Amino acid sequence: MRRFTVYDSRTRETRVFAPLSPPRVGLYVCGLTPYAPAHVGHGRTMTFFDVVARALRRWGYRVFYVQNVTNLDDHLIARASEDGVDPLALADRHFQDFRRSMDTLGNRSVNHYPFATDYVPEILAQIRQLVEKGYAYVADDGSVYFSVAKFPEYGKLSGQKLEALKPGARLELDERKRAPEDFVIWKATTPGEPSWESPWGPGRPGWHIEDTAMIFRLLGERCDLHGAAVDLIFPHHEAEVALAEAASGVAPFANYWMHGGLLLMEEEKMSKSLGNVALLDDAIERVGPGPLRLYYLNAQYRSPLVFQAGKSLEEAREAYSRLTVVYDRISELLERDGPERPGAELPEALGDAAEQLVERLDTTLADDFNTREAIALLFGWTRRLAEELPRLEGYSGSALEELAQPYRWGEEVLGLFVRAPTGPTGAWAAIVPVALAARARARARGDYAEADRIRDELRAAGVELEDDSSGTRWRAAPPG
RNA sequence: GCCAAGGUGGCAGAAUGGUUAAUGCGACGGACUGCAGAUCCGUUUCCUGGGGGUUCGAUUCCCUCCCUUGGCUCCA
């Protein structure tokens, strides 16, 4: 297992990671409440934690990655009643869309997506435990509240002081609560809402408790890594800490807290309630998964990242095509001729450099997931090989494999370079070469009008041609 | 007001108590090309919010001020 460090927002310092029971690592990331389509901010957070899981697995840890789905809450109920549909069905539909987006983006490292409503027995058991221990109380209407005053350490994760919280603008007064900072963990339901039987009457889970109940069930009373974006530190994660540590009596609940920076929409947080949302699927469709991942991972994960509507994606697309030019060529040659293709072996210095670079990539990422620096190293490799571009054709399959190693690393760990299965396939693969041969003959006899006509027709059909010294190559036109 | 994270070239964004402050985008110049595109090469030596302090040396450490963003019970 490779040693790595991680910035722990609980202790506010960068710490060497030590799993509770190596080599297993329990990773829990707060997923979303699927009441609307996912936006590019969700994409950033999920892509980052996907890289965390990929890296840990590469380094020999056995990661169990859980990402919950809050498939029932006030938003969902409100939205569903507007549309006249069932809230659980609405959540399910949006979650399926989210899964598809994640899949396209290359975020496939989650082992389990538990739904809140599938853990009602665990949630009820934890609530009962909290009531018995005196941390929670039952209100007149059958709702159950967590009594923040009973957990004096409340505020330790976010650095908030309870006294400072009281004047908080959004703290609602509610006569069912004993104190304004108490939060609901079991909501008495009104008729028509999905509800479950409980010792306190029909109700549904509050927000924070689903996470602790799921974690206790799936990962244990403590977990190794708990993550999400920073906007969840307070109150959500603070509440989780209180619930979990009160219930179990064991601390710390999460050994390491990781909080990713937000994606800002032109200097302002993107959020559903502000309405300044760029949809994730639109971004994927516009530039494809590779450039989008490059954009996300191109910044330190804790820094805020400003999303500039057109510009950010355009720039990422340009940068991505620079980054992939050598790897694309290597992949083409290997695909065309197979790994046994004959040719020159690699100069020793270049082979060594490739090997050393892979090691350096791992150590760079092991420094609090410095994806940006790793990407800079990959650009450096590309710059070095770019000069070899005309000579690539002459290398053997194994030499090309060696040159590709840093890119393979980028594929495995960062999820870059995944080739979207779009563009001309099947019949195209047979027709295009015929057209190219005809065009080559036209060019040879100086009939450029004919050559350009062929090129234009292929372009209209979505095939871009590129002439270079070795002949003409073709590819699917980039999206957009 | 309180709690956090930030402020680096035209732009996006790294890093570091010390020779030319990474990388990418853009721009400019060149190579290649029938043209175009793609690609390659070169240039973009005067970029670390203001003010103090510690130090032989600060962009980095400390203090302070200013500004931005987030949180202060909807949020990835």
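Computed from a predicted structure; not experimentally measured. Quick note: numbers below take in every heavy atom, side chains included, and nothing from hydrogens, waters or symmetry partners. Within every chain, numbering begins at 1; the chains are lettered A, B, ... in the order of the sequence lines, protein sequences first and strands thereafter.
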Ignoring hydrogens and angles, does a donor from either the side chain of A:D447 or the base of B:G34 sit under 3.5 Å from an acceptor on the other? no
Aromatic rings A:Y301 and A:F48: how do their planes relate, parallel, tilted or perpendicular, breaks at 30° and 60°? parallel
Scan A:R44 against the nucleic acid and name what it touches under 4.0 Å (heavy atoms): base, sugar-phosphate only, or nothing. nothing
Give A:Q308 one of three labels, base, sugar-phosphate or nothing, depending on what nucleic acid heavy atoms sit under 4.0 Å from its own. sugar-phosphate
Assess A:R15 against A:Y7: is NZ or CZ under 6.0 Å from the centre of the six-membered ring, and within 45 degrees of the ring's axis? no
Could you identify the nucleotide paired to B:C47, looking across every strand shown and requiring Watson-Crick or G-U wobble geometry with both distances under 3.5 Å? none
Does NZ or CZ of A:R178 come closer than 6.0 Å to the centre of the six-membered ring of A:Y137, within 45° of the ring's axis? yes
Assert: residue with more 5' nearest nucleotide on RNA chain B, out of A:V148 and A:R439, is A:R439
B:G42 -> Watson-Crick or G-U wobble partner, both distances under 3.5 Å, gives B:C28
Can you check the distance between B:U19 and B:U45, where both ends of the measurement are the C1' atom (answer in whole Å)? 15 Å
Taking side chain to side chain contact (heavy atoms under 4.5 Å, CB included) as the criterion, tell me which of A:V287, A:T47, A:L263, A:V40 meets it with A:Y295. A:L263
Classify A:N370 by what it touches in the nucleic acid, base, sugar-phosphate, or nothing, heavy-atom distance under 4.0 Å. sugar-phosphate
Return yes if the base of B:C25 and the side-chain atoms of A:R317 contain a donor-acceptor N/O pair under 3.5 Å, otherwise no. no
Across all strands shown, which nucleotide pairs with B:A21 by Watson-Crick or G-U wobble geometry, both distances under 3.5 Å? none
B:G1 - base-pair partner by Watson-Crick or wobble geometry, distances under 3.5 Å: B:C72
Base, sugar-phosphate, or nothing for A:Y448, non-hydrogen atoms under 4.0 angstrom? base
What contact category does A:E238 fall into here, base, sugar-phosphate, or nothing, at under 4.0 angstrom with non-hydrogen atoms? nothing
